[in-house]
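Quick notes on the structure that follows.
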Amino acid sequence: MRCKNCKELFEVKRFNTKYCDKVDCKTVEAMQNLEKLKQKEQKDWTKRKKEIKKGMETVQELMKITQVTFNKFIRLRDKGLPCISCLNDKPKKVNAGHYYSSGGHKNLTFNEDNVHLQCEYCNTFLHGNLIMYRDSLLKRIGSERLQQLDDTAHEVRKYSREELRELNEYYKQKIKEL
C-alpha cells in the first residue's frame with residue numbers, strides 16, 4: 001500500500017493504516033486526527049449551544065416567532081379570498097388582520113375566528129377598517145361564533161413558553177397540510 005503523505009510503498013501492520021512509519025507521515029496523521037476531533041467538538045458545541053439558546057427564549061421572543069407562523073397560516077388559509085374589509089379581490093399586499101387587536105386582546109391573538117386575510121391598505125392605513133370587517137366577519141363565521149368572539153375579547157390571558165412552542169408547532173403542521 002502507498003503512504004497517503006509521502007506516496008511510498010509500505011507494509012500495512014494494522015487494519016486501515018494509511019501512513020507509513022516515518023516520523024513526518026505519523027505527524028501528518030496525528031494532525032489530521034486532531035483536526036477531525038476539533039471538528040467533532042465544534043459540531044457538538046454548536047448543537048449544545050442551539051439547545052441552550054432554545055431553552056433561554058423569552059415569552060416575547062416565542063410570541064413573535066409564533067405570530068409569524070400563525071400569520072403565514074392565515075394568509076395561506078385565506079388565499080384566493082378577498083380582503084375581509086374592502087372585499088378587494090386582488091390586493092397588492094396581504095396581511096393577517098385581527099378584528100380584535102393583538103396588542104389589546106392577547107387571548108385572541110391566535111384565535112382563527114379573530115384573524116383573516118386583509119389588504120395592507122385596510123390593515124395599516126385604515127387601522128383595520130373595523131366597521132366593514134365586522135360586517136364581513138358576521139357573514140363569514142356567523143353570529144354565534146362572532147358572539148363567542150365578543151364574549152372572550154376582554155378575558156386576560158398569558159401564554160407560557162411551552163404553550164407558545166406547542167402553538168408554533170401546531171401551526172407549522174397546519175401550514176404543511178395546506
Side-chain angles (χ1 to χ4, degrees), residues 1-81 84 91-120 123-124 128 152 155-178:
M1 178 173 211
R2 292 200 179 271
C3 176
K4 198 172 179 182
N5 184 43
C6 67
K7 309 295 184 216
E8 290 183 20
L9 286 171
F10 73 99
E11 187 179 325
V12 178
K13 295 178 183 172
R14 291 183 311 268
F15 172 74
N16 207 13
T17 304
K18 296 176 183 166
Y19 298 92
C20 65
D21 289 332
K22 291 181 183 173
V23 175
D24 291 344
C25 296
K26 286 290 184 185
T27 306
V28 169
E29 181 181 22
M31 294 297 285
Q32 285 186 344
N33 288 340
L34 186 63
E35 188 63 35
K36 285 178 185 176
L37 185 64
K38 283 182 182 179
Q39 287 175 350
K40 187 183 182 316
E41 286 176 356
Q42 182 63 36
K43 205 179 220 182
D44 291 345
W45 167 242
T46 305
K47 191 183 280 186
R48 241 183 13 257
K49 187 168 73 171
K50 191 174 182 180
E51 290 171 7
I52 291 169
K53 216 174 181 182
K54 187 176 180 180
M56 293 177 62
E57 289 174 322
T58 64
V59 172
Q60 291 84 0
E61 290 170 337
L62 287 167
M63 193 78 164
K64 287 177 187 176
I65 292 166
T66 306
Q67 185 73 58
V68 168
T69 307
F70 178 74
N71 290 350
K72 184 177 180 180
F73 163 72
I74 295 297
R75 285 193 294 273
L76 286 171
R77 179 195 72 181
D78 293 354
K79 190 175 183 176
L81 294 175
I84 193 156
K92 290 180 183 175
K93 187 174 179 190
V94 292
N95 297 127
H98 291 71
Y99 179 65
Y100 285 102
S101 70
S102 181
H105 305 88
K106 289 292 182 201
N107 60 320
L108 295 177
T109 299
F110 305 114
N111 185 315
E112 293 179 31
D113 283 342
N114 186 47
V115 187
H116 297 274
L117 185 100
Q118 196 173 38
C119 69
E120 175 83 13
N123 193 27
T124 305
T152 59
E155 293 174 4
V156 177
R157 171 77 192 267
K158 289 189 177 186
Y159 290 99
S160 69
R161 287 185 181 106
E162 290 73 32
E163 286 176 311
L164 290 168
R165 285 189 186 111
E166 287 174 16
L167 274 171
N168 194 36
E169 290 305 315
Y170 174 74
Y171 283 109
K172 279 182 181 178
Q173 187 61 39
K174 285 189 100 171
I175 287 170
K176 285 180 185 176
E177 291 170 5
L178 289 176

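Among L108, D113, I84, N114, the one residue that satisfies the side chain to side chain contact (heavy atoms under 4.5 Å, CB included) test with Y99 is N114.
Here salt bridge (Lys or Arg N to Asp or Glu O under 4.0 Å) pairs that include residues 41-52, with residues two or more places apart or in two chains, are K40-D44.
Going from atom CD of E61 over to atom OG1 of T58 covers 3.5 Å, rounded to the nearest 0.5 Å. Between the OG1 atom in T109 and the CG atom in N107 there is a gap of 7.5 Å [rounded to 0.5 Å]. The NZ atom of K176 lies 8.0 Å from the NZ atom of K172; values are rounded to the nearest 0.5 Å. Here the CD-CG distance, from E169 to L167, works out to 10.5 Å after rounding to the nearest 0.5 Å. Between the CG atom of L164 and the CG atom of L62 there is a distance of 5.5 Å, given to the nearest 0.5 Å. With rounding to the nearest 0.5 Å, the separation of NZ in K158 from NZ in K106 is 11.5 Å.
Listed by chain and number, the residues in a side-chain hydrogen bond (donor to acceptor under 3.5 Å, both in side chains) with E120 are N95, T124 (sequence neighbours excluded).
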Could you list the donor-acceptor pairs under 3.5 angstrom formed by side chains in residues 72-80, with sequence neighbours left out?
from, atom 1, to, atom 2, distance (Å)
R77, NH1, E112, O, 3.2
R77, NH2, V115, O, 2.8
R77, NH2, H116, ND1, 3.2
D78, OD2, L117, N, 2.9

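For the pair Q173 (side chain) and Y170 (backbone), a donor-acceptor distance under 3.5 Å is absent. Formation of a donor-acceptor pair under 3.5 Å by the R2 side chain with backbone atoms of K7 is found in this model.
Salt-bridge annotation for K64 and E57: absent, with no side-chain N of the basic residue lying under 4.0 Å from a carboxylate O of the acidic one.
Scanning all heavy atoms of the two residues, the minimum distance from C20 to C3 falls at N-SG, 3.4 Å. Between K22 and C6, the shortest heavy-atom distance links the atoms NZ-SG, 4.1 Å. Of all the heavy atoms in Q67 and H98, the pair that sits closest is NE2-CE1, 3.5 Å. G97 approaches N123 most closely through the heavy-atom pair CA-OD1, 4.0 Å.
Ring planes of F110 and Y159: perpendicular class, angle over 60° (limits at 30 and 60°).
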